[in-house]
Amino acid sequence: QVTLVESGGGLVQAGGSLRLSCAASGSTFSTYAMGWFRRAPGKEREFVASIGRSGGIIYYGDSVKGRFTISRDNAKNTGFLQMNSLKPEDTAVYYCATKETALRLMGGEVDYWGQGTQVTVSS
């Protein structure tokens, strides 16, 4: 049992930055990998980034590579997604998720989902 709660979404201008947080509870955060996905209206779910249990393995989707940074603080049971150089096409609902490995998350395998947080980038 894992409960995930995202926060930090909002409205930002193109070129700006936003930091998302994913607070975990119900299980030891350090025992699982975590990741981020997003879904825009009319589009399929897209993998954004994932990170291993200790932060040593990281994957990024091609569309965000070089602009987004995923991290985690196991002592605070929290994961993060720092989003820089935002573009209008980044507009979507962003979801936090967990699985046993970062590689499985990259492949779309998920055990638990958060409720999502809206990110809107204006031009």
Open item on the list: Can you classify the ring geometry of F37 versus F47 as parallel (below 30°), tilted (30 to 60°) or perpendicular (above 60°)?
Closed with: perpendicular
Open item on the list: So which atom in R72 and which in I51 form the shortest heavy-atom distance, rounded to 0.1 Å?
Closed with: NH1-O, 3.7 Å
Open item on the list: Under the rule for side chain to side chain contact (heavy atoms under 4.5 Å, CB included), what residues qualify as partners of K43, not counting sequence neighbours?
Closed with: A40
Task: Nearest heavy atoms of A14 and S123, plus distance in Å - done: CB-CA, 4.4 Å
Task: Nearest atoms (heavy-atom pairs only) where Q82 meets N84 - done: NE2-OD1, 3.0 Å
Open item on the list: Donor-acceptor pair, distance only, cut-off 3.5 Å: does the side chain of Q1 make one with the backbone of S27?
Closed with: no
Task: same_hphob_cluster(V119, W36) at 4.5 Å side-chain heavy-atom cutoff - done: yes
Task: Separation between CD1 of I58 and CE of M106, rounded to the nearest 0.5 Å - done: 13.0 Å
Open item on the list: Whether D62 and K65 form a salt bridge (side-chain N of Lys/Arg under 4.0 Å from carboxylate O of Asp/Glu) is what I want to check.
Closed with: yes
Open item on the list: Side-chain heavy atoms nearer than 4.5 Å, only ILVMFWY residues, links allowed to pass through others: does that put L105 and V64 together?
Closed with: no
Open item on the list: Under 4.5 Å between side-chain heavy atoms, counting indirect links through other Ile/Leu/Val/Met/Phe/Trp/Tyr residues: same cluster for V110 and L81 or not?
Closed with: no
- [ ] For C22 and M34, work out which heavy atoms get closest and say how close.
- [x] CB-CE, 4.1 Å
- [ ] Give a yes or no on whether V121 and F68 share a hydrophobic cluster (residues Ile, Leu, Val, Met, Phe, Trp, Tyr; joining criterion: side-chain heavy atoms under 4.5 Å apart).
- [x] yes
Open item on the list: Has S50 got a side-chain atom pairing as donor or acceptor with G35's backbone, closer than 3.5 angstrom?
Closed with: no
- [ ] Mind listing the closest non-hydrogen atom pair of I70 and Y60 along with its distance?
- [x] N-OH, 2.9 Å
TODO: Ignoring hydrogens and angles, tell me if any N or O in the side chain of R53 forms a donor-acceptor pair with the backbone of T31 under 3.5 Å.
DONE: yes
- [ ] Would you check, one step at a time, whether the test side chain to side chain contact (heavy atoms under 4.5 Å, CB included) holds for T98 with L4?
- [x] CA-CA 9 Å; T98 61; L4 305 171; 3.7 Å; yes
TODO: Taking R67 for its side chain and S85 for its backbone only, find out whether a donor-acceptor pair lies under 3.5 Å.
DONE: yes
TODO: Heavy atoms only: give me the nearest V2-Y32 pair and the separation to one decimal.
DONE: CG1-OH, 3.8 Å
Task: Non-neighbouring partners of V93 that pass side chain to side chain contact (heavy atoms under 4.5 Å, CB included), sequence neighbours left out - done: Y95, Q118
Open item on the list: Tell me whether E6 contacts the main-chain N or O of C96 through its side chain, where contact means a donor paired with an acceptor under 3.5 Å.
Closed with: yes
- [ ] State plainly whether one hydrophobic cluster holds both V5 and L20, where clusters connect Ile, Leu, Val, Met, Phe, Trp and Tyr through side-chain heavy atoms under 4.5 angstrom apart.
- [x] no
- [ ] Given side chain to side chain contact (heavy atoms under 4.5 Å, CB included), test R38 with D90 step by step and report yes or no.
- [x] CA-CA 9 Å; R38 66 187 184 186; D90 294 318; 2.9 Å; yes
Open item on the list: Applying side chain to side chain contact (heavy atoms under 4.5 Å, CB included), can you list everything that pairs with S122, at least two apart in sequence or on another chain?
Closed with: L11, Q13
